[in-house]
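For reference, the structure discussed in these notes is given below.
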Amino acid sequence: MNHKFLKELEKNIPQSCIKTMEDMSGHTTFRVGGTAHYFVSPESATQIKEVLSLCNQYQIPYFVMGKGSNLLVADTGFEGLILSCGKGFDEISCQDTVITAQAGASLAKIAKVALERELTGFEFAAGIPGTLGGAISMNAGAYGGEMKQVVESVSVLTKQQEILTLTKDMLGFGYRTSEILVKDYIVLSANIRLSKGNQAEIQDKMNELATLRKEKQPLEYPSAGSTFKRPEGHFAGKLIQDAGLAGYSIGGAQVSSKHCGFVINKEAATANDIYDLIQHVKEEVKRKFQVELEPEVKFLGEFH
Ligand SMILES: Cc1cc2nc3c(=O)[nH]c(=O)nc-3n(C[C@H](O)[C@H](O)[C@H](O)COP(=O)(O)OP(=O)(O)OC[C@H]3O[C@@H](n4cnc5c(N)ncnc54)[C@H](O)[C@@H]3O)c2cc1C
């Protein structure tokens with residue numbers, strides 16, 4: 001712990017927004033992970049800029065996160081600062097067919113606003129348990145929809161602490177990636193353009209997708225959703241199933257038998273159990289089908 005850095009942080013950011021030695025298992029949907037030395041929940045872009053500037057000055061590594069729904073934090077934690085964009089940085093407003101939201105707004109809340117305003121186009125995202133910032137950086141998608149289709153522009157903070165407004169065509173959206181991930185930008189806010197729709201139809205679509213998720217996904221266990229990206233020409237879940245790995249466990253981590261594309265925290269798994277299982281699945285699928293699986297999940301900290 002760098003006490004000089006902490007003192008400076010406390011001078012510039014409200015104390016209520018700063019935690020130290022924070023247990024990350026409470027901040028990730030896998031429900032695993034050790035402690036982060038510093039954990040800051042900013043309430044404004046100015047605070048984010050301030051934190052970034054101090055991290056640079058004191059050479060403290062930092063990591064930006066949303067709801068931790070696509071994140072595996074090591075058991076040994078993170079000897080740096082977590083910038084947690086969530087509550088307090090989650091304002092949402094709506095003008096005609098455009099919803100403007102801060103990075104920490106949850107997709108579920110944005111979907112609720114879209115429904116109330118009778119705006120269609122965001123139904124696909126209603127059941128993705130992340131924040132707007134996380135979803136834009138990952139170009140999250142489901143059931144034929146992707147963030148790419150609805151994002152009009154994004155305000156980002158660069159590593160050099162410049163605020164830029166990037167329009168859709170500057171965001172380099174690809175399958176579960178974007179320029180934001182590549183360039184380590186921090187999403188501050190975004191404009192989402194939707195279309196006028198019919199409220200009952202929007203609600204029906206959201207209900208239908210929620211039912212599909214409940215039927216097909218092991219939502220009763222902690223996970224980070226689909227563990228792997230879809231390899232070209234294949235489905236990760238099918239390859240894993242065909243490799244005979246349904247229900248395969250390492251420690252408390254298991255390949256879900258309900259949906260083989262999900263690695264779940266079946267019972268008191270450690271981050272290392274999950275990590276080892278991911279490696280094992282990759283190796284087996286490579287050995288049996290010569291297909292390279294690439295994790296969709298992001299890793300933070302040291303594994304083994
Ligand atoms: C049950 C379940 C179902 C899921 N279903 C889907 C699905 O259908 N489709 C899908 O795409 N994903 C799905 N996911 C994965 C996950 O919800 C998405 O990837 C989501 O977009 C991650 O958002 P987050 O806020 O939790 O990001 P985090 O997990 O906190 O972070 C993910 C990445 O985004 C970056 N990031 C977060 N916030 C910011 C920011 N403000 N600025 C810049 N970078 C940022 C992080 O640095 C990290 O690289 C699912 C997860 C679970 C647990």
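The figures that follow rest on heavy atoms only: side chains count, while hydrogens, waters and symmetry mates do not. Each ligand, and each atom within it, is numbered from 1 in the order the structure gives.
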Measure up the F262 and H259 rings against each other and bin them: parallel (under 30°), tilted (30 to 60°), perpendicular (over 60°).
tilted
Once you measure the plane-to-plane angle for Y248 and H280, does it fall in the parallel (<30°), tilted (30-60°) or perpendicular (>60°) bin?
parallel
Carefully, step by step, assess S25 and D23 under the rule side-chain hydrogen bond (donor to acceptor under 3.5 Å, both in side chains).
CA-CA 6 Å; S25 66; D23 183 354; 2.9 Å; yes
Regarding [X] and [Y], is there a side-chain donor-to-acceptor distance under 3.5 Å anywhere?
{"X": "E123", "Y": "T120", "value": "yes"}
{"X": "T167", "Y": "D169", "value": "yes"}
{"X": "Q102", "Y": "D90", "value": "no"}
{"X": "D273", "Y": "T270", "value": "yes"}
{"X": "S153", "Y": "N191", "value": "yes"}
{"X": "D276", "Y": "H304", "value": "yes"}

Report the nearest protein non-hydrogen atom to [atom]: residue, atom name, distance rounded to 0.1 Å.
{"atom": "atom 37 (C) of ligand 1", "answer": "G134 CA, 3.4 Å"}
{"atom": "atom 25 (O) of ligand 1", "answer": "T131 OG1, 2.7 Å"}
{"atom": "atom 21 (O) of ligand 1", "answer": "A135 CA, 3.2 Å"}
{"atom": "atom 16 (C) of ligand 1", "answer": "S69 OG, 3.2 Å"}
{"atom": "atom 13 (C) of ligand 1", "answer": "I128 CG2, 3.8 Å"}
{"atom": "atom 42 (N) of ligand 1", "answer": "V187 N, 2.8 Å"}
{"atom": "atom 19 (O) of ligand 1", "answer": "N70 ND2, 3.3 Å"}
{"atom": "atom 47 (O) of ligand 1", "answer": "V64 O, 2.6 Å"}

For ligand 1, is any non-hydrogen atom under 4.0 Å from [X]'s backbone (N, CA, C, O), its side chain (CB onward), both, or neither?
{"X": "V156", "answer": "neither"}
{"X": "A103", "answer": "side chain"}
{"X": "F63", "answer": "side chain"}
{"X": "L181", "answer": "side chain"}
{"X": "K298", "answer": "side chain"}

With atoms numbered from 1 as shown, which atoms in ligand 1 lie under 4.0 angstrom from a non-hydrogen atom of [X]?
{"X": "L219", "value": "1 (C)"}
{"X": "G225", "value": "2 (C), 3 (C), 4 (C), 50 (C), 51 (C), 52 (C), 53 (C)"}
{"X": "A224", "value": "15 (C), 51 (C), 52 (C), 53 (C)"}
{"X": "A142", "value": "8 (O)"}
{"X": "M65", "value": "30 (O), 37 (C), 38 (N)"}
{"X": "K67", "value": "24 (P), 25 (O), 26 (O), 30 (O)"}
{"X": "I186", "value": "42 (N), 43 (C)"}
{"X": "P129", "value": "2 (C), 3 (C), 4 (C), 17 (O), 50 (C), 51 (C), 52 (C), 53 (C)"}

[X] side chain to [Y] backbone, donor-acceptor under 3.5 Å:
{"X": "Q149", "Y": "G144", "answer": "yes"}
{"X": "S226", "Y": "F228", "answer": "no"}
{"X": "T100", "Y": "S93", "answer": "no"}

Contact between ligand 1 and R213 is defined here as a heavy atom of the residue under 4.0 Å from a ligand atom; is it met?
yes
Closest to atom 7 (C) of ligand 1 (heavy atoms only, candidates A140, G86, S226, G141) is G141
Which of these, G104, C85, G66, has its nearest heavy atom closest to atom 30 (O) of ligand 1?
G66
Hey, does [X] come in under 3.5 Å of ligand 1, counting only N/O atoms on both sides?
{"X": "T29", "value": "no"}
{"X": "G68", "value": "yes"}
{"X": "S137", "value": "yes"}

Over all atoms of both residues, closest heavy-atom pair of A236 and K229
CB-O, 3.9 Å
F289 vs H234, ring-ring contact (aromatic ring centres under 6.0 Å, His included): CA-CA, chis, key distance, verdict
CA-CA 11 Å; F289 307 114; H234 300 275; 8.0 Å; no
I82, V64: one ILVMFWY side-chain cluster at the under-4.5 Å cut-off?
no
So, do K216 and K258 sit near enough that their side-chain heavy atoms are less than 4.5 Å apart?
no
